[in-house]
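Here's the structure, in structure tokens; my notes come after.
Just so you know, these numbers come straight off a predicted model, no measurement behind them. Reminder, nothing fancy here: chain letters follow the sequence lines and each chain counts from 1.
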Number of protein chains: 4
Amino acid sequence: MTEPIRDIARIGHAELLTTEPERSLAFFTDVMGMEIESRAGQSVFLRGSADYLRYSLKLTEGPTTGLGHMALRAWSQEALERRVRAIDESGLGIGWIDGDVGHGAAYRFTDPDGHELEVFYEAERYVAPEHLRPAWRNQPQRVGNRGAAVRRLDHVNLLAADVAACREFSQRVLGYRLHEMVRLDDGTESGAWMSASIAAHELIYTSDAYGVRGRLHHLAFWVDTREEVLRAADLFLDNDVHIEFAPSKHAIAQGFFLYGYEPAGNRVEVTTGGYFVFDPDFEPVVWTQAERARGQAWYVPTVSTFHTYGTPPVG
Amino acid sequence: MTEPIRDIARIGHAELLTTEPERSLAFFTDVMGMEIESRAGQSVFLRGSADYLRYSLKLTEGPTTGLGHMALRAWSQEALERRVRAIDESGLGIGWIDGDVGHGAAYRFTDPDGHELEVFYEAERYVAPEHLRPAWRNQPQRVGNRGAAVRRLDHVNLLAADVAACREFSQRVLGYRLHEMVRLDDGTESGAWMSASIAAHELIYTSDAYGVRGRLHHLAFWVDTREEVLRAADLFLDNDVHIEFAPSKHAIAQGFFLYGYEPAGNRVEVTTGGYFVFDPDFEPVVWTQAERARGQAWYVPTVSTFHTYGTPPVG
Amino acid sequence: MTEPIRDIARIGHAELLTTEPERSLAFFTDVMGMEIESRAGQSVFLRGSADYLRYSLKLTEGPTTGLGHMALRAWSQEALERRVRAIDESGLGIGWIDGDVGHGAAYRFTDPDGHELEVFYEAERYVAPEHLRPAWRNQPQRVGNRGAAVRRLDHVNLLAADVAACREFSQRVLGYRLHEMVRLDDGTESGAWMSASIAAHELIYTSDAYGVRGRLHHLAFWVDTREEVLRAADLFLDNDVHIEFAPSKHAIAQGFFLYGYEPAGNRVEVTTGGYFVFDPDFEPVVWTQAERARGQAWYVPTVSTFHTYGTPPVG
Amino acid sequence: MTEPIRDIARIGHAELLTTEPERSLAFFTDVMGMEIESRAGQSVFLRGSADYLRYSLKLTEGPTTGLGHMALRAWSQEALERRVRAIDESGLGIGWIDGDVGHGAAYRFTDPDGHELEVFYEAERYVAPEHLRPAWRNQPQRVGNRGAAVRRLDHVNLLAADVAACREFSQRVLGYRLHEMVRLDDGTESGAWMSASIAAHELIYTSDAYGVRGRLHHLAFWVDTREEVLRAADLFLDNDVHIEFAPSKHAIAQGFFLYGYEPAGNRVEVTTGGYFVFDPDFEPVVWTQAERARGQAWYVPTVSTFHTYGTPPVG
């Protein structure tokens with residue numbers, strides 16, 4: 001038996017493209033309650049109160065919506081170099097960039113579906129300015145006092161034309177562990193839930209209903225309690241944020257969720273809960289098409305757009 | 001058996017005096033999350049998102065802290081007149097005032113301890129401006145998106161040199177129902193929890209440790225869940241609000257609480273829960289000194305200042 | 001202006017008929033967590049931990065399902081007599097019965113839809129046996145430690161062929177206050193939410209989709225927190241209780257809900273929350289057909305059976 | 001830079017000694033809501049609903065209280081062998097045992113304070129019997145329906161005469177990561193919070209006030225929400241379980257807690273929350289004596305027995 005790969009610590013940040021930069025920014029600051037940490041070019045860098053890095057969301061004005069890129073932080077310089085070699089060997093490497101606000105050199109690559117990813121190690125740890133300094137210094141920042149006051153970026157769900165290829169790449173090349181997956185009656189993999197830690201999921205691939213490559217399903221932001229997810233739904237409602245899927249509990253990963261669309265149309269989740277995987281030999285749970293048809297945890301039918309809508313929009 | 005008096009609907013608002021008007025206002029808007037509904041003279045009128053009247057807190061600059069006055073809303077014009085006659089007969093009436101922001105003629109009086117009270121009926125129901133309009137029109141306002149986002153003034157706790165006299169006046173003249181009380185070993189009444197509704201308490205009198213008259217123990221503001229009380233404690237902490245008594249559950253009335261001091265020193269509670277009194281013949285629960293010494297619901301010892309501190313400060 | 005009628009304190013208990021007495025009893029004790037207080041004939045009398053009377057649910061074996069009867073407790077003997085006279089004058093009186101387990105003489109009558117109701121005053125207050133004695137004597141019983149551990153019967157929703165007639169009878173003859181109602185485009189009243197207290201609803205009438213008389217929509221049992229409603233859904237799920245409508249928030253009355261069918265098919269709700277009506281002149285909220293079509297609070301579509309299913313079943 | 005040691009997956013189970021086997025068992029089944037998975041000799045093996053192994057608590061009758069032993073599960077057979085070699089080299093190894101209910105060969109050793117530990121790899125994954133089978137097969141068992149319904153053993157806090165030695169051993173020999181520690185003004189380490197995962201703590205050492213070796217501070221059991229911790233306090237209260245420290249939030253690790261003593265006197269925690277450590281280079285937070293004196297998160301003073309009481313009792 002070979003040792004598991006444990007070189008990726010976690011998603012460091014995701015870049016979200018918006019065609020409505022001002023309205024999107026207002027959503028993330030006023031409704032989601034994030035703080036603006038920095039601005040550069042057409043981008044605003046945003047953080048939740050529990051993000052240990054300077055930011056977890058890079059919001060960038062663009063000609064369309066969807067994912068700009070997703071950045072993974074390695075455990076060490078050696079771990080970074082090992083992953084770069086593996087990516088390189090996979091043939092999906094692009095090359096080094098000098099870095100960006102808050103982090104050093106990063107190696108750019110794509111997954112088999114064409115999403116742009118990067119991996120980095122050197123990064124600046126967040127130091128709160130006076131007005132955001134927390135009472136206890138084991139916390140990076142004081143708690144948010146606006147809107148849903150999300151704590152951090154939790155996980156990313158990418159749409160893929162070929163889920164199996166992306167899942168296999170994530171496991172073999174990046175070292176993600178597979179926790180749950182869906183295999184349709186015809187053998188197609190339609191979803192894969194993976195993690196680099198004991199969290200049930202950090203990286204998800206699900207089928208793009210249009211067979212298009214490189215699209216985004218959603219970015220998920222963490223709050224500490226289900227009550228805060230329920231409260232976020234009230235805030236979405238009263239602030240005219242489109243609620244796609246009202247608060248309920250997922251069957252897969254068992255997380256509690258709320259899905260809405262930010263003003264430019266990107267799907268955003270407010271989430272908490274989910275189980276932990278403490279078993280070193282955890283056997284991935286493979287769901288059948290029939291099981292998947294039972295809906296979410298309490299048999300709530302999945303909203304149909306949840307299986308079809310992504311950004312950028314199609315057609 | 002005589003019919004119960006049911007002429008008082010509820011506390012309409014309380015006026016709080018502050019020697020730190022700007023800092024107190026910042027506390028009530030940013031940390032408590034209330035909205036400014038109006039301003040007049042040295043006063044700012046504030047509301048929670050579920051207050052059906054225009055405001056429930058009148059914050060007034062003054063030479064000291066404590067209660068300005070407390071206003072009770074009657075069920076009807078006839079109910080108002082009945083109570084005014086009863087107050088008049090008690091010898092504690094002062095006289096009519098023309099009204100104030102948001103309500104019509106009010107009859108001013110004092111309780112036996114000298115707290116200034118008023119009773120009114122005519123009042124303006126709140127109509128939210130566009131930016132605060134709720135998604136559902138059975139709600140007066142959209143949910144708050146700042147700080148603890150309190151919902152409404154819930155109850156008022158007055159300190160009294162003679163609790164028994166105030167309790168007796170509240171029952172006989174105003175028509176409050178007594179739900180719980182504390183009688184010390186020497187026969188002294190040291191606390192009375194009363195209500196005009198099924199809520200376990202709306203009006204509380206507790207002993208002034210200094211035997212001073214007319215002081216305030218606290219104003220309590222409602223949130224819908226215990227999780228929001230816990231979150232309010234985080235907000236108090238990180239915003240340098242003095243926490244006097246951290247979240248826990250009361251033995252009396254069983255409400256969940258958080259107590260802090262607003263910047264001018266007035267004690268403020270964030271509260272939820274508590275039992276309902278559905279029994280028409282509810283027998284008031286009389287606690288002994290020994291029972292009271294057991295502390296709060298989970299035997300948490302009561303913080304000593306809770307029995308002594310009030311506003312304005314003494315000595 | 002005439003004085004409001006305030007003679008009814010609250011629903012004392014509801015009798016539920018079951019064709020599966022053992023399985024229904026196991027549901028109410030093991031999944032809902034109620035205590036058996038007494039048994040008599042074909043009936044078992046059950047209570048939640050916060051019921052101040054001996055029981056709130058009379059579960060009776062019968063040839064079919066649905067409501068046996070619903071019993072209202074009056075505020076006093078005089079209040080009882082006033083209501084009996086009013087009912088008598090309405091022509092819907094049946095006559096006195098001697099009483100039942102836990103309460104004295106009751107006057108039986110029907111609402112215009114034929115549901116059997118009774119009103120009583122004399123009743124035994126619950127005294128917990130040693131093994132259920134609470135730590136604090138302002139509580140009737142210790143908290144439940146099985147299943148959902150519901151606290152008390154909260155409200156009753158009756159189906160009616162003629163909602164308007166039932167609503168009008170409840171207001172004029174019984175003294176209920178109307179808080180919300182639905183009026184369809186053709187002028188038909190299809191729902192009425194009424195209360196005898198500050199709770200947003202205690203008695204609901206909604207349209208029977210089949211035009212049948214005397215059926216039951218659901219009995220609702222209270223828990224103190226939304227988290228307990230969510231937990232109840234997990235318990236329903238894992239104990240094979242049919243979940244009809246998974247946890248979410250109502251638009252009307254704003255209560256948080258979970259609906260399931262107990263083993264004999266009667267619909268049961270686990271509920272908490274909802275707003276309070278403190279306004280003496282509260283103007284009933286009249287919803288249009290279009291507004292109603294928006295679904296529940298977060299625009300969750302109402303499950304179709306919710307509008308059609310009742311007990312006993314039809315056809 | 002050397003690669004981090006990541007050979008220990010997690011604490012598999014802890015053995016608790018009791019002088020009151022029947023009453024302790026009743027506590028863990030009825031109040032904590034655990035299931036009896038097996039019995040052997042003087043021991044009962046208990047599990048929470050989310051434990052993936054067969055059990056996490058071995059409750060053993062003994063002449064005194066405290067920790068029997070604590071068992072760590074390795075990531076793999078190779079990881080086990082690496083750790084056994086390292087332990088052996090440390091001079092604290094005892095030797096192999098054949099295994100126990102639910103797991104295979106284990107290597108016994110002590111920490112520098114003399115607590116008996118073991119490390120194993122081969123283990124039986126839990127398979128729920130029919131009456132405990134969950135609705136979704138990504139869960140090991142249906143949710144608990146008795147008492148506090150704890151989910152799993154979360155962490156263990158050992159008392160030590162020499163915290164620094166135990167902390168150093170845990171890091172260097174076992175591979176735990178240090179997240180927080182307390183260093184008194186005289187340079188003594190009085191507490192260390194360590195983890196083998198992103199959880200803020202899984203293994204804690206704190207100073208034994210009596211300088212005695214090998215004692216237990218507490219075992220902590222996880223529930224998914226803070227509301228369940230609050231509800232557990234009600235259950236402790238009404239079931240005469242001694243509450244030592246009522247629900248509140250820790251400053252260190254930020255977990256939400258409730259501490260009580262099971263009938264034989266061992267301290268037990270019901271816990272949830274706490275932050276996650278996603279930073280690969282997380283710098284341990286070293287608290288000063290002055291900071292520690294601020295009490296818990298909301299400045300709640302730490303109950304004095306919390307710093308002195310452990311099992312077995314002293315003197």
Side-chain angles (χ1 to χ4, degrees), chain C residues 23 26-35 47-50 126 128-151 222-243 246-247 256 258 260 270 272-273, chain D residues 23 26-35 47-50 126 128-151 222-243 246-247 256 258 260 270 272-273:
Chain C
R23 292 174 59 217
F27 167 79
F28 284 108
T29 54
D30 297 347
V31 181
M32 296 292 270
M34 300 180 84
E35 298 290 335
R47 56 176 284 104
S49 59
Y126 178 66
E130 182 57 30
H131 73 285
L132 293 175
R133 197 156 299 160
W136 294 100
R137 60 191 171 78
N138 56 357
Q139 297 304 297
Q141 182 200 301
R142 61 176 58 183
V143 294
N145 78 333
R146 281 191 318 280
V150 298
R151 301 280 284 156
W222 181 268
V223 288
D224 287 342
T225 66
R226 300 201 286 200
E227 275 296 344
E228 289 168 280
V229 177
L230 300 176
R231 182 171 166 268
D234 286 338
L235 288 164
F236 276 26
L237 181 76
D238 275 346
N239 289 279
D240 302 316
V241 175
H242 174 67
I243 295 176
F256 200 72
L258 160 68
V270 177
T272 193
Chain D
R23 292 174 59 216
F27 168 79
F28 284 109
T29 54
D30 297 347
V31 180
M32 296 293 270
M34 300 181 85
E35 299 290 335
R47 55 176 285 105
S49 59
Y126 179 66
E130 181 58 31
H131 73 285
L132 292 175
R133 197 155 299 160
W136 294 100
R137 61 191 171 79
N138 54 358
Q139 298 303 298
Q141 182 201 301
R142 62 177 56 183
V143 295
N145 79 334
R146 281 191 321 279
V150 297
R151 302 280 283 157
W222 180 268
V223 290
D224 286 342
T225 67
R226 299 201 287 200
E227 275 296 344
E228 289 167 279
V229 177
L230 300 176
R231 182 172 165 270
D234 286 338
L235 288 163
F236 276 26
L237 182 77
D238 275 347
N239 289 279
D240 301 318
V241 176
H242 174 66
I243 296 176
F256 200 71
L258 160 68
V270 178
T272 193

Got a list of the donor-acceptor pairs under 3.5 angstrom between chain C and chain D?
residue	atom	partner	partner atom	Å
C:A135	N	D:D238	OD1	2.8
C:R142	NE	D:D238	O	3.2
C:R142	NH1	D:D238	O	2.8
C:R142	NH1	D:N239	OD1	3.3
C:R142	NH2	D:D238	O	2.8
C:V143	N	D:D238	OD2	2.8
C:N145	O	D:G147	N	2.8
C:G147	N	D:N145	O	2.8
C:D238	O	D:R142	NE	3.2
C:D238	O	D:R142	NH1	2.9
C:D238	O	D:R142	NH2	2.8
C:D238	OD1	D:A135	N	2.9
C:D238	OD2	D:V143	N	2.8
C:N239	OD1	D:R142	NH1	3.3

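Taking C:F27 as the reference, C:F236 meet the ring pair (Phe, Tyr, Trp, His ring centres under 6.0 Å) condition, with sequence neighbours excluded.
The two residues C:G144 and D:L235 have their closest heavy-atom pair at O-CD2, 3.7 Å.
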